[in-house]
Amino acid sequence: MVLELQKRLGDAIRAVLNEKYGLADETVPIETPPGLRFGEIATPVALQLARKLRKAPKVIAQEIVAALGSVEGFTGFEVAGAGYINARLERAAAVRMVVSHPFAGEIGERMEHPAAAKVGHSNFQVSESRPGAPADHALVEHTSINPNKAAHIGHLRNAILGDTFVRLLRAAGQKVDVQNYIDNTGVQVADVVVGFLHVEGKTLAQVRELVAACERRAATEGHKAAIDYSCWDLYARTSQWYSEGSEEEQAARKKLRYETLHAIEHGGNETAEVAELISTAVLKRHLETMLRLGIEYDFLPRESEILHLKFWEAAFEQLKKTGVLYFEEQGKNKGCWVMTRPGGGDAAGTARHAGTAGPETGATTSGPDEEAKVIVRSNGTVTYVGKDIAYHLWKFGLLGRDFGYKPFFRYSDRECWISTTGGEADHPHFGGATAIYNVIDARQADPQANVIQALRGMGHTAEADHYTHFSYEMVALTPRCAVELGYTVAEEDLSRPYIEVSGRKGFGVKADDLIDKLIAATRAEVDARQTARSEAERQKIAEQIAIGALRYFMLKYTRNSVIAFDFKDALSFEGETGPYIQYAVVRIRNIFRKGETTPEAVLAEFAKAASQRVSELASQLSGEENEDIWALWLRAGRFSLVLDQCIGASEPAYLAKHAFQLAQEFNNFYHKHHILTEEDAGRKTFLLATAAVVLRELVKALALLGIESPEAM
RNA sequence: GCGCCCGUAGCUCAGCUGGAUAGAGCGACUGACUACGAAUCAGUAGGUCGGGAGUUCGAAUCUCUCCGGGCGCACCA
């Protein structure tokens, strides 16, 4: 509702500016005033035009208001302060808009509350041709945990951010493929393989037996017995092992490490088979962990297939042909195929390599570019960035090759596919997206920029423009938390604000451990409150609250703020938390339960009354004593605006904030107005309708955040 | 050395892309359960928005410069 009216006002003012001052395409900033006494929507447009028009802002504002006349949905405009134009909404009309504009269809289908799903399928459109609006087929890549150890809290932030963003895009009507990239042939997997084969001295058969045994034990004893947990420790031990012993021993171990890595990359040997066993088993565990949070994937592209299906070879040809890569003949990168870096590329450099000159004559004019990024080493092997370029060409459907596909993991209603060399003949199509979002932490900004640079250099500018590095800062531990967990913290680290999590050192909080801890805490609380409910019911509620707390915790921070993790904050269920919002939902449901009616019945009745008795509704929304109720409706009507901002800024935290504020204003309302004892029938319906709309909006917002709305708590 | 991010209340963070009186949560202190559940609400205290300069009618927000903190800058993956 608010978004629509903002656009309407903006259009009306633009028309005035065009007509009255001959200003075409002037941007009209629209904002929300600091308080309702300034109206509901405001614009400082007159202030910004003051210089251009050489007039006092106040005068301009008055002229605009006079020329505006009346605009549908608004009762009037006034000039305030230095030259603001404040607009006042026709409140009754706005309320009716909120009631009748409930959901984008897809969101409705995802609601678990039947009332919410049925309320309405209007032709509600969220993002209409906004400039820079995301394209129709998006590909979001997130999670991407090396399959050699258990997931930790840093991975949780990645997955929760990514999953939430997927929900937001889908709510806005986009087709989205969700990918989880698996680096199953990297050093991290190699290290665990070295651990099994050389530190522990196991054979392939023994590893196979161990993986099977872990699976059996995990089924009865829980995930602490699972393979990803044992790998967590083994990985840390192996990392330690490399730096132990005499110099000769260390050198031999390093050598072993790279031989193992190369054997895995090459494939078709026992070492590669061990790697395959481990990485597949650990990957399954990751998918299970993420499923606990409601996170699912469509496709799991693996590094092994990128290698075996020769993605790089195809990309290399294109990169050479377009002049993005050139062969360096002198300097420190002699014998390598290199690419000009995004930052360091001066105009001359770009022209030199991307232009007419072939690779042979490339590096002659001004000496070797020492800052260039090596893509193919002098020994002929390709670097990580090179493989990443190939993979991203595939994502945009520009590579001319495809993966093989086979089903890998079964969700309740569908299959998650994985890459393979052969694969099924009949499979869904992935890749060929028009916009991609890579959820990768901020430390990888440079490599990401390199890939974008390559795309741009190859002439794929549209693709480069729709390549978003969805960057976020890491989750670190507070020194106190690290000590609490029993890690030895160096003296100088104790005074630091946070300490980085490290899988290599086995230093961090495992995802499943945290989830377990949260469930245990919520379970204790639920057991104390819900004595009449069954064991299974209480467990379900506890899980919903625990996941709500965790997801909200990871989403309330904006992306580029480092989260200094602390159990005290993460295990909090009061104040700005997921459970706070869930509690507001439960309260509203209780009102309807006790009042023996339903939100949809109330809204239907209210909608009818509102269209018949407009003046009554108007009076219920006016006056000092009703300001808070009007504010609540106004907040409820902001959803599409917030969704728009979330997608535009790739920032799910805005929606988290919105949900919290709505719940907060509702709680205030709840204490002030006692609904069920209200004697005036019309007033009671109005109050119930207010609660119903807030319920609908809260459930919707929570669902987009991946948080369930419990029936009780 | 170069690049990116951060610095806002005791603590953890917002601040709608330059606007009106800088806001929340936690913690502290006061109050509110015989009414729809107190995982709640109302209130009080707490800020030279790291320092300085500049641009502007107007700066927490943009520019420059210091100070403090973090992270990247390999023919590793």
Side-chain angles (χ1 to χ4, degrees), chain A residues 29-35 38 42-44 47-48 50-51 56-57 80-84 86 146 183 185-190 258 261 303 332-338 341-344 371 373-379 381-385 387 441-447 449 471 473-474 476 478 496-498 500 522 525-526 529 545 549 556-558 560-564 566 568-569 572-577 579-580 582-584 586-595 641-642 645 648-649 653-654 657 660-661 664 667-668 670-678 687 691 712-713:
Chain A
I30 302 283
E31 53 193 44
T32 304
F38 298 114
T43 173
L47 295 162
Q48 106 189 355
R51 189 207 298 241
Y84 281 95
N86 292 334
N146 278 305
D183 185 1
T185 60
V187 275
Q188 297 217 22
V189 168
Y258 289 107
L261 176 64
E303 176 97 348
K332 65 168 186 167
N333 295 332
K334 183 177 175 186
C336 298
W337 287 86
V338 302
R341 268 176 212 277
E371 296 302 308
K373 172 72 196 165
V374 171
I375 303 297
V376 180
R377 303 182 190 100
S378 51
N379 67 6
T381 59
V382 60
T383 61
Y384 182 77
V385 172
K387 283 181 276 192
D441 76 81
R443 286 170 290 196
Q444 308 247 30
D446 278 1
S471 147
E473 273 293 348
M474 62 183 171
T478 62
R496 295 172 32 154
Y498 45 79
E500 195 174 345
T522 51
E525 200 66 31
V526 172
R529 293 159 190 257
I545 299 170
K556 73 175 182 178
Y557 301 93
T558 50
N560 52 9
S561 127
V562 177
I563 297 180
D566 200 316
K568 180 175 74 66
D569 298 329
S572 160
F573 309 127
E574 290 168 14
E576 197 191 342
T577 64
Y580 175 97
Q582 291 173 313
Y583 188 61
V586 167
R587 278 180 150 173
I588 300 173
R589 288 187 173 158
N590 283 342
I591 295 171
F592 286 98
R593 195 171 295 136
K594 214 153 223 174
L641 176 66
V642 173
Q645 287 171 341
Y654 296 158
K657 206 75 172 177
F660 172 68
Q661 286 172 331
Q664 197 177 36
N667 277 330
N668 183 330
Y670 176 88
H671 276 268
K672 217 152 146 188
H673 308 277
H674 199 268
I675 300 173
L676 293 178
T677 55
E678 174 60 48
L687 295 176
M713 61 189 279

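Base orientation of B/rC62: anti, the glycosidic angle falling outside 90° of 0. Glycosidic conformation at B/rU48 (O4'-C1'-N9-C4 for purines, O4'-C1'-N1-C2 for pyrimidines): anti, more than 90° from 0.
Of all the heavy atoms in A/L47 and A/P57, the pair that sits closest is CD2-CB, 3.8 Å. Closest approach of A/A653 and A/Y557 over heavy atoms only: CB-O, 3.7 Å. Across A/E473 and A/A442, no two heavy atoms sit closer than the pair OE2-CB, 3.8 Å. Between A/E574 and A/T577, the shortest heavy-atom contact is O-CG2, 3.1 Å. Closest approach of A/A564 to A/Y498, counting heavy atoms only: CB-CB, 4.1 Å.
For A/T383 and B/rC75, a side-chain-to-base donor-acceptor distance below 3.5 Å is absent, hydrogens and geometry of angles not being considered. A donor and an acceptor atom sit less than 3.5 Å apart, one in the side chain of A/N86 and one in the base of B/rA20.
Between the P atom of B/rC13 and the CD atom of A/Q661 lies a distance of 18 Å, rounded to the nearest Å. Rounded to whole Å, the distance from OH on A/Y498 to P on B/rC6 is 12 Å. B/rG37 atom P lies 16 Å from atom CD1 of A/I545, rounded to whole Å.
Under 4.0 angstrom from either OP1 or OP2 of B/rC13 there lies no side-chain N or O belonging to A/K657. Between A/N590 and B/rG37, a side-chain N or O to OP1/OP2 separation shorter than 4.0 Å is present. Phosphate contact (OP1/OP2 of B/rC41, side-chain N/O of A/N668, threshold under 4.0 Å): absent. For the OP1/OP2 pair of B/rG37 and a distance below 4.0 Å, the side-chain nitrogens and oxygens of A/R529 include no atom meeting the criterion. The side chain of A/R589 places no N or O atom within less than 4.0 Å of a non-bridging phosphate oxygen (OP1 or OP2) of B/rG37.
Counting any heavy atom pair closer than 4.0 Å across all strands shown, A/A42 reaches a base atom. Across all strands, A/F38 comes closer than 4.0 Å to base atoms (heavy-atom distances). Looking at heavy-atom distances under 4.0 Å, A/S378 makes contact with a base. Within the nucleic acid shown, A/Y670 comes within 4.0 Å of at least one base atom, counting heavy atoms only. Within 4.0 Å (heavy atoms only), A/V562 reaches sugar-phosphate atoms of the nucleic acid but no base atom. Base contact: A/K332 has a heavy atom under 4.0 Å from a base atom. Within the 4.0 angstrom heavy-atom criterion, only backbone atoms of the sugar-phosphate kind lie near A/Y580; the bases stay farther away. Note on A/L641: nothing from the nucleic acid sits closer than 4.0 angstrom, heavy atoms only. At a threshold of 4.0 angstrom between heavy atoms, the contacts of A/G186 are confined to the sugar-phosphate backbone, with no base atom among them.
For B/rU17 and B/rG54, the P atoms lie 27 Å apart once the distance is rounded to whole Å. Nucleotides B/rA45 and B/rC33 are separated by 26 Å at their C1' atoms, to the nearest Å. When the C1' atom is compared between B/rA38 and B/rG52, the two are found 49 Å apart, to the nearest whole Å. B/rU61 and B/rC36 have their C1' atoms separated by 44 Å, given to the nearest Å. Taking atom C1' on both nucleotides, B/rU44 is separated from B/rC5 by 37 Å, rounded to a whole Å. Comparing the C1' positions of B/rG58 and B/rC62 gives a spacing of 13 Å, expressed to the nearest Å. A gap of 13 Å separates the C1' atoms of B/rG18 and B/rU63, to the nearest Å. Spacing between B/rA20 and B/rA59 at atom C1', rounded to whole Å, works out to 14 Å.
When both distances must be under 3.5 Å, the Watson-Crick or G-U wobble mate of B/rA59 does not exist. Applying the Watson-Crick and G-U wobble criteria (two distances, each under 3.5 Å), B/rA32 pairs with B/rU40. The partner of B/rG46, taking Watson-Crick or G-U wobble pairs whose two distances both stay under 3.5 Å, does not exist in any strand shown. As the counterpart of B/rC16, no nucleotide is assigned, since no Watson-Crick or G-U wobble pattern has both distances under 3.5 Å. Figure legend. B/rG25 is base-paired to B/rC11; pairs are counted as Watson-Crick or G-U wobble with both atom distances under 3.5 Å. With a cut-off of 3.5 Å on both pairing distances, the Watson-Crick or G-U wobble partner of B/rG1 is B/rC73.
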Checklist line | Trace of the side chain to side chain contact (heavy atoms under 4.5 Å, CB included) decision for A/I591 with A/L676 | finding: CA-CA 7 Å; A/I591 295 171; A/L676 293 178; 4.1 Å; yes
Note to self: Show, in sequence, the C-alpha distance, side-chain angles and deciding distance for A/R587 and A/Y670, and conclude whether the side chain to side chain contact (heavy atoms under 4.5 Å, CB included) test is met.
What the structure shows: CA-CA 9 Å; A/R587 278 180 150 173; A/Y670 176 88; 3.5 Å; yes
Next item on the list: Evaluate side chain to side chain contact (heavy atoms under 4.5 Å, CB included) for A/V385 paired with A/I375, printing each intermediate quantity in order.
Entry: CA-CA 7 Å; A/V385 172; A/I375 303 297; 3.9 Å; yes
Next item on the list: Would you check, one step at a time, whether the test side chain to side chain contact (heavy atoms under 4.5 Å, CB included) holds for A/V526 with A/I545?
Entry: CA-CA 9 Å; A/V526 172; A/I545 299 170; 3.9 Å; yes
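You'll find that the side chain of A/P34 is closest to B/rA20, out of B/rU40, B/rA20, B/rC36. Side-chain proximity of A/I675 to B/rC76, B/rC36, B/rA20: nearest is B/rC36. Comparing atom distances between the A/F660 side chain and each of B/rG25, B/rA20, B/rC75 picks out B/rG25 as nearest.
At distances below 3.5 Å, at least one donor-acceptor pair connects side-chain atoms of A/T43 with backbone N or O atoms of A/P29. Within the 3.5 Å criterion, the main-chain N or O of A/D569 finds no donor-acceptor partner in the side chain of A/D566.
With sequence neighbours excluded, the residues that form a side-chain contact (heavy atoms from CB on, under 4.5 Å) with A/R443 are A/D441, A/M474, A/E500.
Stacking of A/H671 onto the six-membered ring of B/rU40 is not present when judged by under 5.5 angstrom between centres and under 30° between planes.
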Atom pairs under 3.5 Å: protein N/O with N/O of nucleotides 71-73 of chain B:
residue, atom, partner, partner atom, Å
B/rG72, O2', A/D446, OD2, 3.3

Could you list the protein-to-nucleotides 57-63 of chain B atom pairs, N/O on both sides, closer than 3.5 Å?
residue, atom, partner, partner atom, Å
B/rC57, N4, A/L47, O, 3.4

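Heavy-atom nearest nucleotides on RNA chain B were determined for A/Q188 and for A/Q664, and the one closer to the 5' end corresponds to A/Q664. Each of A/K334 and A/V526 was assigned the nucleotide of RNA chain B with the nearest heavy atom; the assignment lying further toward the 5' end belongs to A/V526.
For the residue pair A/Y580 / A/N667, a side-chain donor-acceptor distance below 3.5 Å is found, with atom types taken as modelled. Between the side chains of A/N590 and A/R593, at least one donor-acceptor pair of N or O atoms lies under 3.5 Å.
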